[in-house]
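Proteins come first, then strands; the chains are lettered A, B, ... in the order of their sequence lines, and each starts at number 1. Please read these numbers as outputs of a predicted model, since none were measured by experiment.
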Protein chains: 2
Amino acid sequence: MSLSRRFEPHQTIVEEGQPADFLINVTAGTVKLFRTLSDGRVQIVGFLKRGDFLGVPAGGAYNVGAEAISPVETCNFSRPPFERLLNDNPTLEHRLFQMASNEVAAARDHLLLLGRKTARERVATFLNLMVDKAQCGHAATPCLDLPMTRAEIADYLGMTMETVSRVLGAFKSDGLISTTSPSEITLLNPDRLKKVAEGEA
Amino acid sequence: MSLSRRFEPHQTIVEEGQPADFLINVTAGTVKLFRTLSDGRVQIVGFLKRGDFLGVPAGGAYNVGAEAISPVETCNFSRPPFERLLNDNPTLEHRLFQMASNEVAAARDHLLLLGRKTARERVATFLNLMVDKAQCGHAATPCLDLPMTRAEIADYLGMTMETVSRVLGAFKSDGLISTTSPSEITLLNPDRLKKVAEGEA
DNA sequence: CGCATCGTTGAGGTTGGTCAATCCCTGTGG
DNA sequence: CCACAGGGATTGACCAACCTCAACGATGCG
């Protein structure tokens, strides 16, 4: 009833509009979820990490595509037995309901970002978000290892990779961050970065 | 345990960050949900109509503000008894879970819109969405009566009211819509408008 | 009738996008 | 060991979509 699978970076996990036969739990790695327009424009709607679910109800088809960013392991539950499990186990459904509610809340933050924030604010918000997710935030100058490319960051933030790159460059000049490689970013001043993210700097 | 309330247009229903003491069910009218930045920028994250809920879990505080657009009636459930009701009634929780999943799907459409669509595409998408919600879509040339102002449409679409106005003007010149008053819009060519919404025209 | 709110229209500016060249790093094969 | 290829990242010059600011028109209400 549960099936384990592996995916390499760039590999497709589910395609938009595909019948949602499985409920997928990510057990390792990072996954991007996205929606696309017919001419190729992409919007990444979220990243999944260990413990996150994909394919929660929402009708008979996945409403997003999913692709592995780093090497990914998943645990796939075929739907009918899973639905039965839910019926017999209200606590589990309660748990999923909580997760769905958190997703709604996260989506609303994302909507504010895409609808109303400037490029600087978007990138700053993104960095803060990544720090929170990585739970390395207790350090005075937390250090990130981003699994995604500049283009993927751009697709998450509703901008172009060039602008992402320029803004990160500006943050470096401003002494807000430092980098060893493109994927390794240290936040030199988390407090100020939080203010930038909210448009207060 | 359940409390009925009325709100006039412009009246605040809940404030962002307020403790979420009630779960609110809209029984009549239209409500806007929004998030704001400290400098006054607003993003509307959704509209509620009859049957929609506000204040579903998501922790101890509302993560959005809510304001009446048209005269609104609500039914407020104080939280502790409602939680008990949920525990005793898995079917009800199942129902709310479905609604939350639908909300996630809607939010993802909205993210694609805000992150990647042009002004024309945004307005076209909005009109289509309103037709669907109003269920007057079976007519060959469905007619809308929008309860919200141009500024509110703009805040939903992540643009300015001027641009909304200009795009609607362009749609009129293109023969896509006609208007009797600013709030009354007839879709003269729903099929083509759908294509515009997806960037295929 | 006059005020207030909403909507429309116009002129001009700015942010971020586009297009293109270059850099950097890593892996590969001669 | 080094040349080269290829993907990602960076940088620059230019451009356009949309925003800003401001004036004006319509509608409704006291």
Open item on the list: When you measure from the side chain of B/R79 to the backbone of B/A20, do you find a donor-acceptor pair of N or O atoms at a distance under 3.5 Å?
Closed with: yes
Task: Side-chain donor/acceptor of A/T125 to backbone N/O of A/E121, under 3.5 Å - done: yes
Open item on the list: Donor-acceptor pair, distance only, cut-off 3.5 Å: does the side chain of B/S165 make one with the backbone of B/M161?
Closed with: no
Task: Spacing between A/M148 atom CE and D/dG7 atom C1', to the nearest angstrom - done: 18 Å
Open item on the list: How many whole angstroms separate atom CD of B/E152 from atom P of C/dT5?
Closed with: 14 Å
Open item on the list: Can a donor-acceptor pair be found, under 3.5 Å and without considering hydrogens, that links the side chain of A/R41 to the backbone of B/R116?
Closed with: yes
Open item on the list: Expressed as a whole number of angstroms, how long is the span from B/R150:CZ to D/dA26:C1'?
Closed with: 13 Å
Open item on the list: Quick check on A/R50: does its CZ atom have over 12 non-hydrogen neighbours (other residues, nucleotides or ligands) under 6.0 Å away?
Closed with: no
TODO: Nearest-nucleotide wise, let me know which of A/S183 and B/P182 is further upstream toward the 5' end of DNA chain D.
DONE: A/S183
TODO: Measure from CZ on A/R122 to P on C/dT15 and round the result to the nearest Å.
DONE: 14 Å
- [ ] Among the candidates D/dT10, D/dG8, C/dG16, find the nucleotide nearest to the side-chain atoms of A/T149.
- [x] D/dG8
Open item on the list: Between P on C/dT15 and CD on A/E121, what's the gap in Å once rounded to a whole number?
Closed with: 12 Å
Task: Gap between atoms CZ and C1', on B/R120 and D/dA17 respectively (whole Å) - done: 14 Å
TODO: Describe the nucleic acid contact of A/T118 in one word from base, sugar-phosphate, nothing, applying a heavy-atom distance below 4.0 Å.
DONE: sugar-phosphate
- [ ] Taking only the side-chain nitrogens and oxygens of A/R166, find out if one of them lies under 4.0 Å from OP1 or OP2 of D/dT11.
- [x] no
Open item on the list: Taking only side-chain N and O atoms of B/T163, does any of them lie within less than 4.0 angstrom of OP1 or OP2 on D/dC18?
Closed with: no
- [ ] In whole angstrom, give the distance that lies between atom CG of B/L168 and atom C1' of D/dA26.
- [x] 16 Å
- [ ] Could you state the atom-to-atom distance from CG of B/D39 to C1' of D/dT20 in whole Å?
- [x] 15 Å
TODO: Answer with yes or no whether B/E162 presents, from its side chain, a donor or acceptor under 3.5 Å of a partner atom in the base of D/dC21.
DONE: yes
Open item on the list: Counting only side-chain nitrogens and oxygens, does B/H10 get under 4.0 Å of the OP1 or OP2 atom of C/dA4?
Closed with: no
